[in-house]
Amino acid sequence: MNQANAVLVRWTRVDTEPGTLLIAATASGLGFIGSPNAPFEELERWARRTFPGGSSLANDDDAMAPYANQIKAYMNGESNALALTFDLAGTPFQREVWQTLLEIPYGETTTYSDIAHRIGRPAAVRAVGAAIGANPVLIGIPCHRVVGKNGALTGYRGGLAMKQHLLELEGRVHAGQGVK
């Protein structure tokens with residue numbers, strides 16, 4: 001890899017209630033929020049997949065502070081919105097699903113099949129699930145607001161405990177219970 005052509009990816013750690021999150025951004029915006037307490041390799045894998053031509057990872061707490069501060073405020077219940085600019089790499093289908101996720105209001109949930117209907121592909125429920133699972137920006141693109149048809153908490157890259165925590169934070173579930 002030619003380092004001169006590598007994409008500069010700045011990153012930092014954000015300490016939150018469910019655990020430490022690694023976050024990363026390019027000059028164009030936030031591209032990654034990792035799983036709680038995930039190893040640094042999760043960030044490295046994302047960077048290799050997202051920038052096959054190469055990337056340079058640089059720890060830069062100062063440059064990442066605006067992102068980190070918003071995420072901390074959200075996770076502490078001090079804010080119910082994130083005003084973030086994203087730099088997302090994905091297929092057109094994934095981007096369409098992710099955009100639809102951004103339209104789910106704070107404190108509300110929806111189902112995978114509802115997302116499939118919203119994008120005009122009602123038979124693509126599994127593909128919608130795969131696109132949601134590929135979301136590189138946990139919390140920022142609120143895939144935690146998507147639940148099973150029966151209201152059950154289903155798969156989440158950040159783990160079901162984090163998904164439940166986020167939904168509790170948004171007033172959608174009570175500890176030990178399912179979705180309201």
Side-chain angles (χ1 to χ4, degrees), residues 14 16-18 21-36 38 42-43 46 49-50 64 66-174 177-180:
V14 180
T16 69
E17 168 71 25
L21 307 173
L22 291 172
I23 65 172
T26 66
S28 299
L30 190 69
F32 178 80
I33 298 177
S35 303
E42 184 185 44
L43 172 60
W46 165 81
R49 239 184 359 261
T50 305
M64 295 299 295
Y67 298 113
N69 291 340
Q70 281 196 56
I71 292 166
K72 283 180 194 175
Y74 186 87
M75 297 301 288
N76 289 334
E78 299 163 5
S79 171
N80 65 2
L82 296 170
L84 302 172
T85 301
F86 297 114
D87 183 9
L88 301 173
T91 67
F93 181 79
Q94 288 172 329
R95 288 171 176 267
E96 183 177 17
V97 170
W98 299 339
Q99 181 58 47
T100 303
L101 296 177
L102 288 168
E103 296 166 5
I104 306 169
Y106 180 91
E108 293 187 21
T109 58
T110 192
T111 65
Y112 295 91
S113 59
D114 185 52
I115 297 294
H117 278 87
R118 287 187 198 184
I119 64 169
R121 305 207 31 206
V125 176
R126 286 182 190 236
V128 164
I132 291 171
N135 171 16
V137 187
L138 297 181
I139 307 161
I141 297 177
C143 56
H144 60 276
R145 296 179 187 152
V146 181
V147 298
K149 198 176 258 189
N150 63 357
L153 301 186
T154 56
Y156 186 67
R157 178 172 55 92
L160 290 182
M162 181 175 180
K163 184 171 188 166
Q164 180 161 341
H165 174 80
L166 290 166
L167 292 174
E168 286 173 6
L169 184 70
E170 294 184 13
R172 252 338 254 157
V173 299
H174 298 291
Q177 297 181 347
V179 175
K180 288 192 224 175

Among Tyr67, Trp46, Phe86, ring-ring contact (aromatic ring centres under 6.0 Å, His included) partner for Phe32
Trp46
Quick check: closest heavy atoms across Gln70 and Ala83, and the distance to 0.1 Å?
OE1-N, 2.7 Å
Nearest 0.5 Å, what's the CE-OG distance between Met162 and Ser35?
7.5 Å
Walk me through it: do Ile119 and Gln99 pass the test side-chain contact (heavy atoms from CB on, under 4.5 Å)?
CA-CA 10 Å; Ile119 64 169; Gln99 181 58 47; over 6 Å; no
Indicate the atoms forming the closest heavy-atom contact of Gly140 with Leu82, along with that distance.
CA-CD1, 3.8 Å
Nearest 0.5 angstrom please: Leu84 CG to Leu30 CG, how far?
6.0 Å
Does Val14 offer a backbone N or O that forms a donor-acceptor pair with the side chain of Lys72 under 3.5 Å?
no
Tell me if a side-chain donor or acceptor on Arg121 pairs with a main-chain N or O of Val128 at a distance below 3.5 Å.
no
Is there a side-chain contact (heavy atoms from CB on, under 4.5 Å) between Thr85 and Ser28 once you walk through the steps?
CA-CA 7 Å; Thr85 301; Ser28 299; over 6 Å; no
Do you know the tightest heavy-atom contact between Ala38 and Leu22?
O-CD1, 4.2 Å
Report the C-alpha separation of Ile139 and Leu21 in whole Å, then their side-chain angles, then the decisive distance to 0.1 Å, and conclude whether the side-chain contact (heavy atoms from CB on, under 4.5 Å) test is met.
CA-CA 11 Å; Ile139 307 161; Leu21 307 173; 3.7 Å; yes
Under 3.5 Å: donor-acceptor pair, side chain of Trp98, backbone of Ala131
yes
Calculate, to the nearest 0.5 Å, the distance between atoms CD1 and SG belonging to Ile115 and Cys143 respectively.
10.5 Å
Determine the minimum heavy-atom distance between Tyr112 and Gly155, stating which atoms define it.
OH-O, 3.8 Å
Short question: side chain of Arg157, backbone of Pro136 - any donor-acceptor pair under 3.5 Å?
yes
When Ile33 is tested against each of Leu43, Ile23, Asn135 for side chain to side chain contact (heavy atoms under 4.5 Å, CB included), which residue passes?
Ile23
Within the structure provided, determine whether Lys163 and Thr154 are in side-chain contact (heavy-atom separation under 4.5 Å).
yes
Okay, side chain of His165, backbone of Ala161: is any donor-acceptor separation there less than 3.5 Å?
no
Counting distance only, does the side-chain N/O of Gln164 pair as donor-acceptor with the main-chain N or O of Leu153 below 3.5 Å?
no
Nearest heavy-atom pair of Tyr74 and Leu169: which atoms, and what distance?
O-CD2, 3.2 Å
Do you know the tightest heavy-atom contact between Ile104 and Arg145?
O-NH1, 2.7 Å
